[in-house]
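Encoded as structure tokens, the structure appears first; notes follow it.
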Amino acid sequence: MTLVCFEPVDTLFFRDGRPYEQGEASQAGVVSGFPPSPPTLVGAVRAALARSMGWARGSWSADICARLGDGGDLGPLRFRGPVVSRDGESLFPAPAHLMGGPRREEFDPGSLTLLSPGGGLTCDLGPDLALPSAAGAVKCVKPLLDQGWWITASGLAAVLQGDVPASGDLVHRRDLWREESRVGIFRSEGTRVTAKGALYSPSHIRLGRRVALAVEACGLPPDHADVLAGRPHPVGGEARACWMRCVEGRLPLPAPPDLRAAPGPLLYTVTVLTPANTEAPPHPGEREYAGLPGHIVSACLPRPTLVGGWDSQAGRPLALRSHLASGSVLFLKTRRDDVSRVAALHGAAVGARAAWGFGLVAIGKWKR
């Protein structure tokens with residue numbers, strides 16, 4: 001396994017689903033998404049390796065396809081991630097069932113609480129619906145995910161155990177990256193003059209010190225470390241440059257809980273760490289959703305993530321598809337006999353396009 005760390009030379013830009021083409025009605029305040037979707041970084045790694053094999057433009061040769069795949073086929077390559085890292089420590093979006101109350105610009109550590117399925121509500125989704133609820137009376141709290149908080153691997157391990165994390169395990173996004181506005185104007189290459197609608201103002205991402213993006217890769221060519229480390233490579237929109245540093249190892253993930261101790265049915269959680277490409281959103285009572293053992297009891301779901309991309313062969317954007325957002329939490333119930341099957345899902349991927357890095361999940365437990 002190889003861990004590819006992306007360290008930007010300057011700012012980064014990752015377009016979202018909104019139009020960002022010359023001639024569009026409004027190109028003011030175009031916001032960059034962050035972190036990028038898995039195909040963005042996977043494509044950057046594959047393109048860098050292809051260039052080292054002699055590719056410049058157009059279709060890849062048969063030799064390159066045999067080592068790097070072709071288009072949507074990754075061939076021998078497999079990826080996990082990406083995740084945000086700081087000083088080599090992985091950081092994840094705060095799980096959606098972790099709640100806290102703001103205090104000025106910070107959260108109140110004493111207000112941290114975890115939601116778990118309640119019960120007794122009848123609505124259009126069905127009878128006796130188990131909506132997420134807190135164990136005791138809480139006031140003025142909302143998901144830390146919506147407040148821009150991220151969590152360390154050790155903090156996420158505590159959440160997976162069913163405990164609240166320490167305040168030192170929470171990091172706000174403003175300590176990881178900043179948005180930086182840019183202004184540009186298009187000029188014709190031939191006449192060097194501009195025209196109406198040529199002004200644009202994107203908002204770039206500037207990572208903080210010692211902050212990087214990391215992707216775990218398997219099946220790279222033997223000389224990949226020297227090839228990728230030789231020079232900066234274009235990554236994301238506007239061909240922003242990043243160094244790609246390769247180290248042996250795997251993504252540092254949170255430790256899994258022991259699911260064998262409690263008697264009775266197995267109650268477990270699935271926390272989505274990278275966007276999950278499932279065919280449809282989850283529903284209460286649904287069985288074997290995305291291959292997960294048992295049935296869904298409840299869920300804490302932020303707004304879905306729309307993932308598109310760029311088709312370099314056709315030279316056009318890819319269609320947007322809805323994914324379960326990072327930080328989504330599913331509460332499931334299954335038989336005790338499925339404990340080995342559930343434990344094996346920790347650090348694995350669910351849903352489609354798992355080899356690209358989609359659907360990385362962590363397994364936890366919840367109490368009634």
Side-chain angles (χ1 to χ4, degrees), residues 1 78-81 83 90 92-98 114-119 129-133 135 151 153-165 216 250-302 323-368:
M1 295 293 179
R78 297 294 182 270
F79 296 88
R80 287 204 306 175
V83 301
S90 297
F92 308 95
H97 68 319
L98 179 59
L114 288 174
L115 301 182
S116 60
L129 188 67
L131 288 181
S133 60
I151 192 168
S154 59
L156 183 55
V159 174
L160 299 179
Q161 291 284 356
D163 302 320
V164 296
E216 180 186 304
R250 310 195 68 171
L251 284 177
L253 297 178
D258 186 2
L259 300 174
R260 298 170 297 177
L266 179 58
L267 307 177
Y268 71 99
T269 63
V270 175
T271 302
V272 179
L273 304 181
T274 61
N277 187 2
T278 55
E279 294 182 358
H283 294 280
E286 187 171 359
R287 294 186 175 275
E288 296 291 326
Y289 177 75
L292 300 172
H295 69 273
I296 296 176
V297 178
S298 188
C300 291
L301 302 178
H323 293 61
L324 286 184
S326 301
S328 300
V329 177
L330 304 178
F331 299 91
L332 293 103
K333 178 181 178 181
T334 189
R335 302 176 304 169
R336 179 60 50 178
D337 297 342
D338 288 332
V339 63
S340 298
R341 184 182 169 196
V342 172
L345 290 171
H346 185 79
V350 301
R353 303 183 73 188
W356 288 78
F358 285 105
L360 179 64
V361 299
I363 300 300
K365 58 185 179 181
W366 59 275
K367 303 175 183 178
R368 294 184 182 274

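Note: hydrogens, waters and symmetry copies are ignored here, and every other heavy atom, side chains too, is used.
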Determine yes or no for a side-chain-to-main-chain donor-acceptor pair under 3.5 angstrom, with Y289 supplying the side chain and A280 the backbone.
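Flag set: sc Y289 to bb A280 pair under 3.5 Å.
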Has W366 got a side-chain atom pairing as donor or acceptor with T269's backbone, closer than 3.5 angstrom?
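Here the side-chain-to-backbone pair does not exist.
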How long is the straight-line distance from [atom2] of [Y] back to [atom1] of [X], given to the nearest 0.5 Å?
| X | Y | atom1 | atom2 | value |
| --- | --- | --- | --- | --- |
| I151 | L98 | CD1 | CG | 6.0 Å |
| L131 | L115 | CG | CG | 10.5 Å |
| E216 | R80 | CD | CZ | 4.0 Å |

Is the shortest side-chain heavy-atom distance between [X] and [Y] below 4.5 Å?
| X | Y | value |
| --- | --- | --- |
| I363 | V270 | yes |
| P132 | P117 | no |
| P284 | V297 | no |
| V342 | L266 | yes |

Go through the steps for V350 and L292 under the test side-chain contact (heavy atoms from CB on, under 4.5 Å), then give the verdict.
CA-CA 8 Å; V350 301; L292 300 172; 3.9 Å; yes
Looking only at non-hydrogen atoms, find the nearest pair between [X] and [Y] and report the distance.
| X | Y | answer |
| --- | --- | --- |
| A290 | T278 | CB-CG2, 4.0 Å |
| G359 | T274 | N-OG1, 3.2 Å |
| S298 | A130 | OG-O, 2.6 Å |
| A362 | P254 | CB-CG, 4.5 Å |
| L273 | S326 | O-OG, 3.3 Å |
| L253 | F92 | CD2-CZ, 3.9 Å |

Taking the ring of F331 and the ring of H97, is the distance between their centroids below 6.0 Å?
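Yes: the rings meet the under 6.0 Å criterion.
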Do any side-chain atoms of residues 153-164 form donor-acceptor pairs under 3.5 angstrom with protein atoms, and if so which ones, sequence neighbours left out?
residue : atom : partner : partner atom : Å
S154    : OG   : T152    : OG1          : 3.1
S154    : OG   : D169    : OD1          : 3.0

May I have all residue pairs that pass side-chain hydrogen bond (donor to acceptor under 3.5 Å, both in side chains) and include part of residues 333-362, sequence neighbours excluded?
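Passing the test, one end in residues 333-362: E288-R341, T334-D338.
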For E286, which residues count as a side-chain hydrogen bond (donor to acceptor under 3.5 Å, both in side chains) partner, sequence neighbours excluded?
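Partners of E286 under the side-chain hydrogen bond (donor to acceptor under 3.5 Å, both in side chains) test: none.
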